[in-house]
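Pasting a structure below so you can have a look.
Quick note on labels: first sequence line is chain A, next is B, and so on, each numbered from 1. Scope of the values below: all heavy atoms of this structure, side chains included, with no hydrogens, waters or symmetry mates.
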2 protein chains.
Amino acid sequence: MKLSPLEEYGLRCLIQLARRGGVQPVTIRQISDGEGLSPAYVGKLMFLLQKADLVRSTRGVQGGYVLARPAREMTLNEVFQALDPGALEDVCGKFTGNNGAACVHDGSCSIKAVWKGLSERINGYLERVSVADLAQAPQLQEA
Amino acid sequence: MKLSPLEEYGLRCLIQLARRGGVQPVTIRQISDGEGLSPAYVGKLMFLLQKADLVRSTRGVQGGYVLARPAREMTLNEVFQALDPGALEDVCGKFTGNNGAACVHDGSCSIKAVWKGLSERINGYLERVSVADLAQAPQLQEA
DNA sequence: GACATACTATACAAAAAAGTCTTGATTATC
DNA sequence: GATAATCAAGACTTTTTTGTATAGTATGTC
């Protein structure tokens, strides 16, 4: 039950974009300097975020990245989904044990029900927190 | 934002113990057969669960494992903590980037506040679900 | 239109985690 | 008290994930 590095760092990059927040694109170099990450790694993160339509890129000399939408309308749920696809989903499909393709609990699977309830809770919380919340306040959000 | 295999499988083993629930110890072989896992792997899981005082073992011929406490008093929070220590904690200590030992956001770290809020939410939910809830009902718990 | 800047995409290496194996210790039964 | 059953603990291998490197494409400026 934890955040992956991709989720953590990707989120930070988005927050930095939101903070610099102008119309002027922010370059990978600027982001990587600001966050203490390698340019190559930031490139990969931005690639993932762009595929999920969270950032928009401009190439060439004055190029860089801007948020694709206002930070206020960008939820943590979307962000994590983009950076670690299929995380909170399909538990019974992933963990099947060695008995073959099907879950040994097939039919009366209680784990599935619990996990569903749990993931709904978590996603519910993540949907109520926007990137703007994080970008603006150093204080705890009581969303 | 996902469960690790250890958390998933370890939880299942506990549920199985709760279901068989007698005074008679359940052997590793029985658990591994029931869950479709290798005996060696179940051994490792039970080792972790015992260190956390969630199960109690008896050696020798009629040995095996029993729950250390009633399943009703055993929360998912404890279980996950036992199987993946330090998961929902200390994010800023773990992900520091390349700028050295300290988080580049030191001082005005908004991520830390957010993550704190998030982990409190999740733990709050996990504390309200017991192993007994999962062992008994195939339906969704609205805890 | 050549060149430098900057993103795009994939292949590769390194690190972490998962899962297996082996050796050892303990206990009931005969 | 010898034997078979069963857990204990750590070393080892395999797989997955993370992070890096590299080759390629687009664009603004001179």
Side-chain angles (χ1 to χ4, degrees), chain A residues 1-13 17 24-33 35-68 80 83-87 94-99, chain B residues 1-13 17 24-33 35-68 80 83-87 94-99:
Chain A
M1 199 77 255
K2 64 172 65 159
L3 276 194
S4 73
L6 264 69
E7 289 171 318
E8 167 76 17
Y9 290 131
L11 175 58
R12 290 193 192 178
C13 292
L17 279 191
Q24 182 76 354
V26 183
T27 165
I28 283 183
R29 184 103 237 160
Q30 291 176 297
I31 299 175
S32 69
D33 282 353
E35 217 60 49
L37 301 170
S38 79
Y41 191 37
V42 172
K44 185 179 196 169
L45 292 170
M46 299 315 281
F47 178 55
L48 291 170
L49 291 172
Q50 168 163 304
K51 277 204 303 184
D53 213 41
L54 293 172
V55 301
R56 201 166 298 285
S57 70
T58 341
R59 289 182 167 190
V61 172
Q62 299 237 325
Y65 293 92
V66 288
L67 293 182
F80 292 159
L83 294 161
D84 197 354
K94 270 190 304 198
F95 301 114
T96 55
N98 299 327
N99 273 353
Chain B
M1 200 75 256
K2 65 172 63 157
L3 275 194
S4 73
L6 264 65
E7 289 171 319
E8 167 76 17
Y9 289 131
L11 175 58
R12 289 193 192 179
C13 292
L17 279 192
Q24 182 75 353
V26 183
T27 165
I28 285 184
R29 183 104 237 160
Q30 290 175 297
I31 299 174
S32 68
D33 283 352
E35 216 60 48
L37 301 170
S38 79
Y41 191 37
V42 172
K44 186 179 196 170
L45 291 170
M46 298 314 282
F47 178 57
L48 290 171
L49 292 171
Q50 168 162 303
K51 276 203 305 183
D53 213 40
L54 293 171
V55 300
R56 201 165 298 286
S57 72
T58 340
R59 289 184 168 188
V61 171
Q62 299 237 324
Y65 293 92
V66 289
L67 293 183
F80 291 159
L83 294 160
D84 197 353
K94 272 189 303 197
F95 301 115
T96 56
N98 299 326
N99 273 353

Taking only N and O in the side chain of B:T27, is any of them less than 4.0 Å away from OP1 or OP2 of D:dC7?
yes
With side chains defined as the heavy atoms from C-beta onward, is the minimum distance between A:K2 and B:K2 less than 4.5 Å?
no
List the steps, then state whether side-chain contact (heavy atoms from CB on, under 4.5 Å) holds for B:V55 with B:Y65.
CA-CA 6 Å; B:V55 300; B:Y65 293 92; 3.9 Å; yes
Trace of the side-chain contact (heavy atoms from CB on, under 4.5 Å) decision for A:Y9 with A:V42
CA-CA 8 Å; A:Y9 290 131; A:V42 172; over 6 Å; no
Pick the closest DNA chain C nucleotide for B:G60 and for B:L83 by heavy atoms, then say which residue is nearer the 5' end.
B:L83
Expressed in angstrom and rounded to an integer, what is the separation of B:I31 atom CD1 from C:dG19 atom C1'?
17 Å
Atom CD of A:Q50 to atom P of C:dC7: distance rounded to whole Å?
10 Å
With B:L49 as reference, evaluate B:L11, B:L83, B:L17, B:L67 under the side chain to side chain contact (heavy atoms under 4.5 Å, CB included) test and give the passing residue.
B:L83
Can you tell which of D:dT18, D:dT20, C:dT20 lies closest to the side chain of A:S38?
D:dT20
B:E35 (side chain) donor-acceptor with B:S32 (main chain) under 3.5 angstrom
no
Could you tell me how far apart A:D84 (CG) and D:dT17 (P) are, to the nearest whole angstrom?
8 Å
Could you identify which residues of residues 39-49 of chain A place a heavy atom less than 4.0 Å from some atom of DNA chain D, listed by residue number, or say none?
A:A40, A:Y41, A:K44
Counting just side-chain N and O atoms, does A:S57 come under 4.0 Å of either OP1 or OP2 of C:dT8?
yes
In this structure, how many angstroms lie between the P atom of C:dT27 and the CZ atom of B:R59, rounded?
7 Å
Distance in angstrom units between A:E8 CD and D:dT17 P, rounded:
18 Å
Interatomic distance, B:Q24 CD vs C:dA28 P [rounded to whole Å]:
12 Å
Reckon A:Y65 has a side-chain N or O less than 4.0 Å from the OP1 or OP2 of C:dT8?
yes
Got B:I31 and B:M46 here, is their nearest side-chain heavy-atom distance under 4.5 Å?
yes
Return yes if some donor-acceptor pair links the side-chain N/O of A:E7 with the main-chain N/O of B:M1 below 3.5 Å, else return no.
yes
Atom-to-atom span, CD of A:E35 to C1' of D:dG19 - whole angstrom:
16 Å
A:Q62 side chain N/O closer than 4.0 Å to the phosphate oxygens (OP1, OP2) of C:dA6?
no
Value in whole Å for how far the P atom of D:dA4 lies from CZ of B:R29:
18 Å
Quick check: on DNA chain C, is the nucleotide nearest B:T58 upstream (toward 5') of the one nearest B:L6, or the reverse? Name the residue that is more 5'.
B:L6
